[in-house]
Amino acid sequence: MDSKKKSYAINALRRASYRWPARGQVDKKQRVERGKYYCNICKAVFRKKDTQMDHVSSVIPVTGWDSFDGYIDRMFCDVAGFQRICKPCHLNKSQGENSTRKIFRDIKKENNKKVK
Ligand SMILES: [Zn+2]
């Protein structure tokens with residue numbers, strides 16, 4: 001597929017997911033008091049602006065893109081698939097996932113070389 005089309009569709013789906021009801025249910029669950037939420041990883045309490053909504057298992061697998069069916073399934077998951085976490089925990093989690101992605105990409109690249 002045209003990569004411009006694909007990234008346009010991915011962004012549109014991501015924006016639509018912000019209104020997915022399960023996200024609101026997670027906020028209700030993790031709200032400590034008005035405007036304050038606990039981080040589901042470190043359990044400390046933060047102002048909402050210092051937290052982010054996170055998919056427990058990443059929407060794009062660390063092994064790489066699979067399909068729109070898989071993407072949509074993971075993006076619009078149920079309450080258990082979401083968590084509100086603080087920015088430092090989110091950064092830490094994302095960096096770990098990105099390093100793993102890079103390792104998978106490098107391995108795939110190496111394997112493709114060997115086939116040719
Ligand atoms: Zn945290």
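Just so it is clear, the values below take in all heavy atoms, side chains as well, and ignore hydrogens, waters and symmetry mates. Counting starts at 1 for both ligands and their atoms, in listed order. Quick note: residue numbers are just sequence positions, from 1.
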Would you give me the side-chain donor-acceptor pairs under 3.5 Å for residues 5-15, sequence neighbours excluded?
| unit_1 | atom_1 | unit_2 | atom_2 | d |
| --- | --- | --- | --- | --- |
| S7 | OG | K4 | O | 3.4 |
| N11 | ND2 | S7 | O | 3.2 |

Which donor-acceptor pairs under 3.5 Å do side chains of residues 64-88 form with protein atoms, sequence neighbours excluded?
| unit_1 | atom_1 | unit_2 | atom_2 | d |
| --- | --- | --- | --- | --- |
| D66 | OD1 | R74 | NH2 | 2.8 |
| D66 | OD2 | R74 | NH1 | 3.1 |
| D66 | OD2 | R74 | NH2 | 3.4 |
| S67 | OG | G70 | N | 3.1 |
| R74 | NE | V59 | O | 2.7 |
| R74 | NH2 | V59 | O | 3.1 |
| D78 | OD1 | A80 | N | 3.4 |
| Q83 | OE1 | N40 | ND2 | 2.9 |
| Q83 | NE2 | D54 | OD2 | 2.9 |
| R84 | NE | D27 | OD1 | 2.5 |
| R84 | NH1 | T51 | OG1 | 2.8 |
| R84 | NH2 | D27 | OD1 | 3.3 |
| R84 | NH2 | D27 | OD2 | 3.4 |
| K87 | NZ | K49 | O | 3.0 |

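Taking NZ of K28 as the start and OH of Y37 as the end, the distance is 11.0 Å to the nearest 0.5 Å.
Remark: side-chain polar atoms of K93 are paired, donor with acceptor, to backbone N or O of V56 under 3.5 angstrom.
Take a cut-off of 2.8 Å around the Zn ion (ligand 1): the protein N, O or S atoms inside it are C39 SG, C42 SG, C86 SG, C89 SG.
Other residues sharing a hydrophobic cluster with L91 under the 4.5 Å side-chain heavy-atom criterion for ILVMFWY residues do not exist; the residue is a singleton.
Within 6.0 Å of NZ in K43 there are more than 12 heavy atoms belonging to other residues, nucleotides or ligands.
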